[in-house]
Structures are given as structure tokens and as C-alpha cells.
Colleague: 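Handing you a structure now.
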Amino acid sequence: MNDSPGWASPGSAPSDGKETAIPRPSEPQDGSGPTGQWSPEQPPPGQWSPPSNAGSGPGTRPPAPGWGGGPQRQGWAGPPPAAKPGVIPLRPLSLGEILDGSVSALRAHWRTALGFSLAVSVITQIAVILMQRYLLPEPTSVDPNATGAEALRQATDSARSTLISLAPATLVTMIATLFTASIITVVISRSVLGRPTTLSDAWAEARPRILPLLGLTVLVPLIMAAIMTVGIGPGLLLGSEAGAALAFLGFAAACVAMLWLNVSFALAAPALMLERQSIVAALRRSAKLVRGAWWRTFGVLALTWLLTFLLTFLVSIPFGIIAVIVDGTDVSEFLNGTAPSFGWSFLIVTGIGEVIVSTLIYPFVAGVMALLYVDQRIRREALDLDLARAAGLPGYGADTPRS
């Protein structure tokens with residue numbers, strides 16, 4: 001269990017099929033207020049809707065004074081604004097608030113979040129450059145005039161060389177993303193409560209979850225690879241035109257299944273980090289939180305990845321052009337399919353661009369995932385009440401009875 005306020009295993013929540021009553025606020029607390037854990041019994045979110053035709057018709061009473069906290073206007077004044085102890089208001093979040101909350105948290109804790117991300121990105125890029133220079137094989141040259149069996153052989157060799165070249169860099173990048181996500185998730189959890197955090201504090205809280213997070217990071221791609229194998233395997237084994245058609249249909253079905261599972265498992269990492277769940281329990285927890293909100297979750301993730309792609313494109317393209325010019329590589333080599341051998345200048349310049357992209361993207365994506373997790377728990381389990389207690393807001397005591 002984690003002893004830091006605000007993050008604990010949810011126990012049996014409404015998403016597990018149980019229902020609990022909404023707690024009543026306690027009397028205002030003096031001082032900073034208590035700091036409790038997220039409750040093991042989460043109530044369902046409350047509903048609110050304005051009365052129809054308020055303030056009109058026979059027998060109706062005027063609105064009660066003071067509702068809304070400002071000068072009384074004619075008609076319905078609306079509910080009071082949600083409390084905001086940290087980077088987000090304690091209520092269901094909009095898409096813009098999730099994205100803005102991630103940026104606000106990184107801006108408020110830039111020394112911890114961006115500093116750590118920069119250090120990890122630099123180390124990662126140095127390792128990738130050294131592997132590209134000394135360990136990876138030279139790219140396979142492809143003859144654009146080749147035809148028939150020779151063209152197929154060259155394409156196969158090129159694909160194999162590309163996979164071998166990408167595998168080490170992908171592994172290093174995955175580990176870097178894992179470390180960054182673990183720290184950023186802790187930073188976001190403190191930012192929601194409006195509490196500062198240092199790198200040492202964040203690392204002390206994230207360190208026990210590194211190995212389970214690594215296991216989760218490896219398990220999900222293995223599941224996806226197994227689904228793709230099952231989808232295209234039977235068609236490939238037939239080795240005929242009918243087999244090719246079957247493989248294509250299996251490939252399409254596998255892509256749909258992989259997309260659905262990727263979205264359903266999107267909140268597994270925050271659940272594993274913040275609720276101290278096991279790997280399998282975190283996957284199940286994520287699927288429960290996403291259930292009924294798959295399309296909304298998909299939309300948030302799609303926009304997030306679109307923004308990261310645009311940022312990568314805007315940064316990488318200029319650095320790539322500069323690297324080609326500095327390295328003195330003939331651009332025609334790219335156009336006629338001849339694979340050039342890049343020098344140190346090319347690798348260093350493109351590496352600087354990759355460091356800039358990674359430093360900004362890793363924490364931003366991790367922050368969006370953490371806030372999307374918080375938003376789903378607020379919507380499904382009224383987590384905002386427990387966050388208000390953990391933040392020590394007046395009127396939300398840790399000993400508030402639940403009716």
C-alpha cells in the first residue's frame with residue numbers, strides 16, 4: 001500500500017458491481033485539514049439537472065438567495081463552481097481540461113518533470129547513436145531496377161535489416177518511456193491535490209512499481225503480437241490465393257481487436273502505479289474504467305497522439321534537413337533508393353532533435369494518461385469527494401460518515 005495521501009487501492013468500487021451511498025460533507029475543518037486515503041468504497045457520481053421552467057408558473061417559489069455564491073440574478077443561478085486545489089477542477093473533465101491539466105502540471109513542476117525527462121532522453125539518445133554507429137548492420141541497398149524474384153528478395157532483406165536496426169532502439173526507448181511515465185504519474189497525482197513534489201520524493205514512490213510497470217509494458221505488446229499471429233497465421237499456412245485472402249481478412253480483424261484492446265488497456269499503467277495493483281489486476285481495472293466510455297477514451301488518445309505526431313514532425317523535419325546539409329549527404333541517395341552511410345554529424349544533429357521531442361512528448365503523454373484515469377474515476381466512482389478530503393478542503397473531513 002502507498003502511504004502518500006490520495007492514492008490507494010479502490011477496493012470494491014461501483015465499477016465492480018457494488019453500489020454505495022453518497023457521503024455527506026462534514027463540518028468545515030480548521031487549519032489545513034486532514035489528509036486521508038482514497039476511500040475503499042467509492043460512491044456513484046451524483047446527478048444534477050436544473051428544474052424546468054424555474055421561477056415561472058403558479059405556485060412556484062423564487063430561487064433561494066445565495067445559490068451560486070454571487071449576486072442573485074433572476075432565474076436559475078446554476079451549481080456552485082467545483083473546487084480546484086490543483087491543476088484540475090474536482091469534477092468530470094472536458095477534453096481541453098485534460099490536455100491543459102497535463103501541460104499545467106509540467107509547467108508547475110518543470111524542474112522535476114522536464115528535468116528528469118531531459119536527462120532520460122539524453123542518455124537514451126546517446127545509447128541509440130552509439131548502437132547505430134557501432135552495433136547495427138549497414139542498411140541493405142535496394143536496386144530500383146530489380147524485378148521478379150530478385151526484387152522480392154531485396155525487399156525481404158531490407159525489411160529484415162530494418163527490423164534488426166529498429167529493435168534495439170525500440171527497446172531502449174521503451175525503457176526510457178517507462179521510467180518517465182512512472183515519475184510523471186506521481187507528479188500528476190500530487191499536482192491534482194495542489195501539492196509540490198521533488199524528484200527524490202517522486203522516485204521513492206515510483207521505484208517499487210518499476211518492475212511491475214516493466215512487466216505490463218512487455219505483456220501488452222506480447223498480447224498484440226499473439227493476436228496478429230492468430231489472425232494471419234492460418235492464411236499464411238495455406239500458401240494459396242485463398243490463403244492470401246484469408247490472411248488479409250485475419251489481418252483486418254486482428255487490427256480491430258488490437259485497437260479495441262489498446263484503448264481498453266490505456267489506463268492500466270496509472271492503475272498499476274496509483275492503486276498498487278498487480279499487472280493482471282491493472283489490466284482488468286483499466287477495462288472496467290473504460291467500459292461504457294470506449295469512444296470517448298479513444299478520442300482523447302487519438303487527439304493526444306495526433307498532437308505528438310505534429311510536434312515530432314515540426315521538430316524532426318528541420319533537424320533532419322540540417323543534419324543532411326551538415327553531413328554533406330547527397331539527397332539523391334534517398335531518392336534513388338541507395339542507403340547512405342551517415343556520419344557523426346548527421347547522428348548528432350538528428351539526436352538533438354530527438355532529445356527535444358522526447359523531453360516534451362514523454363511527460364505530456366504520461367500526464368494525459370494519468371488525468372484520463374482520474375477523470376474516469378471521478379465519473380464512475382465520485383473520486384472528487386476523496387480528492388477533496390485528501391486536499392484538506394473545508395467541509396470534507398476524513399471521518400465524514402457515509403450514509
Side-chain angles (χ1 to χ4, degrees), residues 2-8 10 23 25-26 28-29 31-39 42 45-46 69 79-117 180-206 267 269-271 273-275 289 300 304 362-398 400:
N2 181 20
D3 296 329
S4 64
W7 308 102
S26 62
Q29 304 292 323
S32 60
T35 57
Q37 299 286 338
W38 284 5
S39 172
Q42 302 295 344
K84 188 178 180 181
V87 295
I88 59 170
L90 300 185
R91 56 168 171 74
L93 304 175
S94 65
L95 171 60
E97 288 171 333
I98 292 176
L99 299 178
D100 180 71
S102 178
V103 175
S104 298
L106 299 180
R107 186 168 60 246
H109 305 283
W110 65 271
R111 289 185 179 86
T112 300
L114 297 182
F116 181 82
S117 180
T180 305
S182 63
I183 295 296
I184 299 304
T185 302
V186 175
V187 171
I188 293 292
S189 70
R190 301 291 183 89
S191 299
V192 169
L193 302 177
R195 295 179 180 173
T197 183
T198 63
L199 180 58
S200 59
D201 293 337
W203 174 245
E205 187 171 342
L267 306 183
M273 289 292 301
L274 302 179
E275 298 181 19
L289 290 174
V300 174
T304 300
Y362 290 169
F364 173 71
V365 173
V368 169
M369 296 297 183
L371 289 180
L372 184 58
Y373 160 84
V374 172
D375 174 60
Q376 282 303 111
R377 288 201 61 185
I378 289 176
R379 291 173 182 270
R380 295 177 62 92
E381 304 169 2
L383 182 63
D384 50 324
L385 300 178
D386 288 300
L387 289 175
R389 294 187 184 95
L393 298 181
Y396 297 89
T400 299

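When reading the values below, keep in mind they use all heavy atoms of this one structure, side chains included, and skip hydrogens, waters and symmetry mates.
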Colleague: Quick one: does S102's side chain have a donor or acceptor within less than 3.5 Å of a partner on F364's backbone?
Modeller: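 Pair found, side chain donor or acceptor close to backbone of F364.
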Colleague: So which atom in E381 and which in L289 form the shortest heavy-atom distance, rounded to 0.1 Å?
Modeller: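 Residues E381 and L289, closest heavy atoms: OE2-CD2, 3.7 Å.
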Colleague: For V300, does its backbone N or O pair with a side-chain atom of T304 as donor and acceptor, under 3.5 Å?
Modeller: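 Such a contact is found between T304 side chain and V300 backbone.
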Colleague: Hey, could you give me the OG1/CG distance between T180 and L114, rounded to the nearest 0.5 Å?
Modeller: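 That separation rounds to 10.5 Å.
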Colleague: Does a side-chain N-to-carboxylate-O contact under 4.0 Å join E205 and R190?
Modeller: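 Salt bridge between E205 and R190, a charged N being under 4.0 Å from a carboxylate O: yes.
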Colleague: Answer yes or no: is there a donor N or O on one side and an acceptor on the other, between the side chain of S189 and the main chain of V186, under 3.5 Å?
Modeller: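 Yes.
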Colleague: Of all heavy-atom pairs between L193 and L387, which one has the smallest distance, and what is that distance?
Modeller: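 Heavy-atom minimum between the residues: CD2-O, 3.5 Å.
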Colleague: Any side-chain heavy atom of D375 within less than 4.5 Å of one from I88?
Modeller: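 With C-beta onward as the side chain, the pair stays apart.
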Colleague: What verdict does the salt bridge (charged side-chain N to carboxylate O under 4.0 Å, His left out) test give for K84 and E97, after you've listed the backbone C-alpha separation in whole Å, the side-chain angles of each residue and the deciding distance to 0.1 Å?
Modeller: CA-CA 12 Å; K84 188 178 180 181; E97 288 171 333; over 6 Å; no
Colleague: Is the closest side-chain heavy-atom distance between V192 and L371 below 4.5 Å?
Modeller: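 Result yes, sub-4.5 Å side-chain heavy-atom pair found.
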Colleague: At their closest point, which heavy atom of A113 faces which heavy atom of I184, and how far apart are they?
Modeller: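 Residues A113 and I184, closest heavy atoms: CB-CD1, 3.4 Å.
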Colleague: Return the minimal non-hydrogen interatomic distance between T185 and P270, and the atom names on each side.
Modeller: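 Scanning both residues completely, I find the closest heavy atoms to be CG2-CA, 4.5 Å.
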Colleague: Whether the side chain of R91 engages the backbone of A83 through a donor-acceptor N/O pair (distance < 3.5 Å, no angle test) should be reported.
Modeller: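 No, the answer is negative, given that no donor and acceptor are paired below the 3.5 Å cut-off.
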Colleague: From R377 CZ over to D386 CG, what is the distance, rounded to the nearest 0.5 angstrom?
Modeller: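 Output value for this atom pair is 7.5 Å.
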Colleague: What heavy-atom pair brings L267 and Y373 nearest, and what distance separates the two atoms?
Modeller: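 Heavy atoms of L267 and Y373 come nearest at CD2-N, 3.8 Å.
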Colleague: If every non-hydrogen atom of I378 is compared with every non-hydrogen atom of P92, which pair is closest and at what distance?
Modeller: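 Looking at all heavy atoms of both residues, the shortest contact is CG2-N, 3.6 Å.
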